Structures are given as C-alpha cells and as structure tokens.
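Numbers restart at 1 for each chain; the letters A, B, ... are given by sequence-line order, proteins then strands. Note that this is a predicted model, so its numbers are computed, not measured.
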Amino acid sequence: MQKYIVKRLLLAIPTILGAITLVWFAMQLAPGDPAVMFVPPDFQGEEAEAYLALVNEKYGFNDPLPIQYLRYMRNTLLGDFGTSLRTLRPVTEDLVRRVPNTVRLGFAAFLLSMAVGIPLGVLAAIKRGTWIDGTLMVIALLGVSMPNFWFGYVLILIFGLFIPILPPSGLGGAKHMIMPSIVVGLSIAGSLARYSRSSMLEVVNHDYVRTARAKGVTEYNVLVKHAFRNGLIPIVTILGINFGFILAGSVIIEQVFAWPGVGLYLIDGISGRDFPVVQGAVLLIAIAVVMANLVTDLLLVYVDPRIRYE
Amino acid sequence: MTHAGQDQVHKQKIAQLEADELLHISGVRRAWYEFRRNRFALVGAVFIIFIALMAILAPVVSTHDPYKQSLRKRMKPPSAEHFLGTDELGRDFYSRLAYGARVSLFVGIVGTAAGVISGTIVGLISGFFGGWTDTLVMRVIDVMYAFPGIVLAILFVAVLGPSLFNLIIVLAIWATPTLSRIVRSNVLSLKEQDYVQAARALGAGRARIMFLHLLPNTLAPIIVYATLGVAGAILTTAGLGFLGLGVQPPQAEWGNMLSNGRQYLRKAPLLMVFPGALISMTVISINLIGDALRDALDPYIQS
C-alpha cells in the first residue's frame, strides 16, 4: 500500500510540471510576437512601442526559448503567476482573494450533486426497466445535455424576473448562492446519477449479491450493505473527476451570475486580452484538478481493499 | 428487480431474437435490431434528422435573409410573418436559427471527426507499441485531463484567436485524450489474442496488424464515443460562443445567438430561450443515440 501511495504521489509531480509546460507552450502558439499580447489594446503608436520594449525586457522575451521556459517554470513553482497587464497587480494575489468564492460555490454544488445524483442513480438501478428508471434517466440526461449557462439564464428568467424571489446575480448571503450552486450542481448530478446507476447494476449481478439474497437478507440490506459498498468504488473515482467539471462549469456560471471567483477572473482576463491572468487562472484550475485526482486515488485505497494488497 | 427476474428477461430476449430469426445473424444486423428497439434513441434519431435537414436546407426552409436588418422591426414577438419574432437588429429569428444549425452541427461533427482520427491513431500506437511510447503518451494525456471540460479549449482559443478553423482544431484537441484512452485500452486486451499472434506469425507488419486487425475490432467503442463526442463538441462550441470565443457575430450560431439574447432577457426572453432549447434538444438526441449504440454494440453491457 505504501508503495502505491508513494507511486501515486510521485505521478502527480510530472503532471503538474506538464500542465505548466502546456500553458507555457500554448502561449508560444500565439501568432506573431508573444510580447504584443502583453500590450493593452488601448495603447497606440509610440506608446505601444515603448511598452513593447518594456515588456520584452521585463518578461525576457529576448532570451532564448529554453531560458524563458525555465524562468516561467521557476516563477510558477514559487507561486508567482506574473502581473496583470491591466491592473498591474500580482495575479497570485488576485487569485488568492477569489479562490474562497469559487470554493464556496463549488463545495455547495458538489454536495448538491451528491445528494441528488447518487440516490437517484441507485433508485433507478433498483427500479431498472420500469418507468421510474426511464423517467429518472431522461431527467439525468437532460442535466448532462443542457448548456448549463442556458439553464442559469432560464432560472434567472423565472426566479429573478417573473417570480422575483431570488437575487439574479452577485455576491451576498445564502440566497445569492442558491441559483448558481443549483446550476453547477445539477448538471454534475445528472452524470453522477448515470454512473451510480450503471455502477450499481454491475454489482447487482455478482454472485455474492445472489448469495446474500439466497440466505434471506432483506432486499434493502442487500442493496445498501452489500451492493452499494462495492458499487461505491467507481462512484468515488467519478467524484474526483467531477471536481474538475465543477471547476470548469463554474468558469461559465460565474459569468452568468456575476460571481467574483476564479472563473469570472479568467473570463475577464480573456476579454481584456490580459494573458498573465488567463495563464494564472487556467493553471490554478489544472493544479487543483491534479490535486483532487490525487486525493481521490488515495481515498480509493481506503474504499477498495484490493488496492492495498497490490 | 431480482436475479431470477433478470434471467427471465434474458430468456425473453433470446426467445424474441429466435422468433425474429436474429439469434444467428451477424453482429451488425443484430446491433441494428437492438438499436431499433430503443424507442428513446429513435426519437433522438428523428430529431437529429430533422435538425440536419434544417441545416442542409437552410436556404430553402428559411423565410427571410438571416442577415437582413430592419430597425423598425426590432425584437418583435412571434407573428405570421416572423414565426419566432425578430432579434435586436430586426433580423428574422427563425431563419437565423436555421442557418445557425449549419454552423453548430458542422463545427461539432468536423471537430469531433478530426479528434477521433487523431485519438484513434495515438491510442493504436500507444497500446500496440507499449513501453516508453505508451508511458509518454499516457502522461501527456494525464496532463491534458488536468484541464477539465471547456478550460483546455479556452486556453487555446484565447491564444489562437476565435475563428471557425481554430474552433475545429481546439475541438479536435479536446476530443483526442478520451478517444486515445479508449482505443488504447481495447488494443491492450486485443493484441494478446490468438488471431493477432497468428497474424504476427504469418509475418504481418506492424501497420498491417494495427490497421487491419486491431482497428476493426475497436470500431464499436470508437463509434459510440465519436457519437457522444459530437454531443460534447456542440456543447463546448456553444460554451465558447457564449464566452465570445466561438463563432463570431454576425454569423449565426446557436451559442453566440444565446449569448446575444441574454442582454435582452427582460424585453425579449425568447431570444435566449430558443437557441438554448435547440442546443439542449440536439445534444440530448445525440446522447440518446450514443447510449443506444453502446447498449446495442456491446453485448456485455446490459441495458
């Protein structure tokens, strides 16, 4: 088991380094001089020229590429994501201030998706082949297939404008969190319900479940104590993957509800052509995803004893 | 349902197949038979055919020029002349939706196709050669998975700039990791099978084994995930369009129409509601087809 944990920890390192490399590499794809992207679009003529020279010196765009790469890698690993072009504030500082908002929204969405997705998936598996199963799975598919930003606007339309009982946007009390977390949570809940169902169905066919039935265990105990425990293993993996999708989902949803988190920061960075901001936010998401996958895999050690004996 | 109940279902299924003289026929025909029996998938298929026809025949079925503006007819409600009303520049909304279907479907299908091809090749090579090649490819794919959903697409479009071509490239990059993982895991189990060993013993080259022996046997999962991939690609395109990184206005595309419509949520909510509803229904239909294909093509997954 220790070997597995050490191996898994070591695997996360090249993935994070790779993510930093990918973000750096993406910037090299920019057509023309990368320094041009660092010049705010409202700078014209000589002003732009002067700024360009400044940028080239400050960011070392005149250095050979390998040197630039290593410098970017070093700065990032030391937690320095560069400086915003528009506000001239360190990106790291901005991100640190916004992370709690995204975490709050993400956590609420995560809990909601589990509370809705897993029970519905298990219920559909128990009632497989019936109209309950069919209806639940169509609803789950609806959750997966709707563009979540559209769902967000439909909710704003209904609960913000037609029956104004919820604030349509912004940061505030618990009321402000209801709509965004429902929107992010429900699309994840849909996929979670689908996975939970198929994961349960796989387990239900095993011999030990049949044995449990044969020796007279009640149907409820068969499902909850026997089937669900093993059915949970793939679900735990999915929860880790969902963490990433919640982050990705909140990128767009924060824009819909003007929720000042990492996602809105990223989108502001894109519309302002503020490339260090885009790099920083994307990288932060990637590192969070790698960490979440790491935690999931370590959690699996406790859920699935087979890994311990490998 | 109890286990005895499942056995019952299986017996019924076999009896049904026998009655239809389908038990001993080829896999493709049986898969088609299984697929046809799935009513949800049929509804999805009918809707997709409808949308595809709307896209192909957009110049025929549209009632107005989708780009002709009329300042006197801004944001009009649905009427006899304008089935779904007009948008904020007085353009016929129904015609714009029909033309928008073209872009959304085209980008989704072409982007996914490119991703399926590159993902299949990467997966074949990675699984077949194994060793260092495999380790390296899988590490790169792990890195790509660190950028969930739309984030990877955002990163590349933000740099490359939004254009139809870049959008397709980005969708191809987006679809590659999933496809390569699926193809790879299939190749890993297939390459140890006797028929591959036999081909090798007969002196078949690597390329021949990969493309003539391994590829045909991984086609089923490739088809399934290509279908589901189109659904994902359409959603991603819409998301990018919403963020202003997708197809650029004035060209009609469902994502940017939706994004446009949100500014007029109060005055003309339909401008936001319709494109989103069309995206949702299209994506659901494709997903239903994909699910049914998975059930029909994989004899080991029970519906």
Side-chain angles (χ1 to χ4, degrees), chain A residues 11 14-16 18-19 21-23 26-27 29-31 37 126-130 134 138 141-142 144-147 149-151 153-154 156-157 161 198 201 204-205 209-210 213 219 241 243-245 247-249 251-252 255-256 266-267 269-271 275 278-279 282 285-287 289-290 293, chain B residues 1-6 9 39-40 139-140 142-152 154-161 231-232 234-236 238-239 241-245 254-255 258-259 261-262 265-266 269 272-273 275-277 279-288 291 301-303:
Chain A
L11 261 180
T15 313
I16 288 178
T21 308
L22 187 71
V23 169
M27 204 179 77
L29 288 178
M37 295 204 308
I126 295 170
K127 302 275 181 194
R128 64 188 296 204
T130 65
V138 168
L141 195 63
L142 197 74
V144 177
S145 307
M146 273 191 305
F149 49 91
W150 179 67
F151 183 47
Y153 280 115
V154 171
I156 291 179
L157 197 62
L161 295 177
S198 62
L201 285 184
V204 160
N205 287 329
V209 175
R210 190 175 357 175
R213 285 211 178 93
E219 189 65 22
I241 294 170
F243 180 84
F245 281 112
L247 277 179
V251 169
I252 296 189
Q255 159 96 341
V256 173
L266 170 60
I267 301 308
I270 292 170
S271 43
F275 212 73
V278 176
Q279 276 184 318
V282 166
I285 292 174
I287 292 171
V289 168
V290 175
N293 287 340
Chain B
M1 192 183 287
T2 62
H3 199 80
Q6 285 164 34
V9 170
R39 275 167 300 158
F40 285 127
R139 285 294 83 79
V140 171
D142 279 350
V143 170
M144 290 171 84
Y145 268 112
F147 300 86
I150 202 167
V151 176
L152 188 69
I154 287 178
L155 177 65
F156 280 99
V157 183
V159 185
L160 295 172
I234 290 177
L235 273 183
T236 305
F242 173 76
L243 295 175
L245 292 172
W254 291 346
L258 202 171
S259 173
R262 75 192 148 131
L265 213 54
R266 243 170 241 278
M272 182 276 298
V273 172
I279 297 169
S280 305
M281 283 157 73
T282 307
V283 174
I284 282 190
S285 302
I286 298 174
N287 277 331
L288 283 172
D291 281 356
I301 299 175
Q302 291 168 4
S303 54

Measure the spacing between [atom1] of [X] and [atom2] of [Y] and express it to the nearest 0.5 Å.
X: B:I234; Y: B:I286; atom1: CD1; atom2: CD1; answer: 3.5 Å
X: A:L157; Y: B:M272; atom1: CG; atom2: CE; answer: 5.0 Å
X: B:L160; Y: B:L245; atom1: CG; atom2: CG; answer: 11.0 Å
X: A:Q255; Y: B:L243; atom1: CD; atom2: CG; answer: 6.0 Å

What residue, out of [options], has the most heavy-atom pairs lying under 4.5 Å from chain A?
options: B:G255, B:S280, B:S259; value: B:S280
options: B:D142, B:L265, B:T282; value: B:L265
options: B:G244, B:G239, B:G261; value: B:G239
options: B:V140, B:V157, B:T236, B:I154; value: B:I154

**Study point:** Partners passing side chain to side chain contact (heavy atoms under 4.5 Å, CB included) against A:V23 (at least two apart in sequence or in another chain)
**Key:** A:Y72, A:Q279, A:V282, A:L283, B:F147, B:L155
Practice item. For B:R39, enumerate each residue passing the side chain to side chain donor-acceptor pair (under 3.5 Å) test, keeping only those at least two apart in sequence or located in another chain. Key: none
So which part of [X] gets closer than 4.5 Å to some heavy atom of chain A, the side chain, the backbone, both or neither?
X: B:L288; answer: both
X: B:I284; answer: both
X: B:Y145; answer: backbone
X: B:L152; answer: side chain
X: B:A231; answer: neither

Study note, to complete from the structure: Nearest heavy-atom approach of B:P148 to A:I285 is CD-CG2, 3.9 Å
Check your understanding: Which heavy atom in A:A26 sits nearest to a heavy atom in B:V159, and how many Å separate them?
Key -> O-CG1, 3.2 Å
Is [X] in contact with chain B via its backbone, its side chain, both, or neither, using a 4.5 Å heavy-atom distance?
X: A:I16; answer: neither
X: A:Y153; answer: both
X: A:I156; answer: side chain
X: A:L142; answer: both
X: A:L141; answer: both

Review point. What do the steps show when you test B:W254 against B:L258 for side chain to side chain contact (heavy atoms under 4.5 Å, CB included), and what is the final call?
Key: CA-CA 6 Å; B:W254 291 346; B:L258 202 171; over 6 Å; no
Review point. Can the positive tip of B:R262 be found less than 6.0 Å from the middle of the six-membered ring of B:F242, inside 45° of the ring normal?
Key: yes
Taking every heavy-atom pair that is under 4.5 Å apart, which of [options] has the most such pairs with chain B?
options: A:V289, A:V256, A:N293, A:L247; answer: A:V289
options: A:V209, A:V290, A:I252; answer: A:I252
options: A:V251, A:V278, A:L22, A:V154; answer: A:L22
options: A:P14, A:A19, A:G244, A:G18; answer: A:A19

Practice item. Could you tell me whether the side chains of A:S145 and B:N287 share a donor-acceptor contact shorter than 3.5 Å? Key: yes
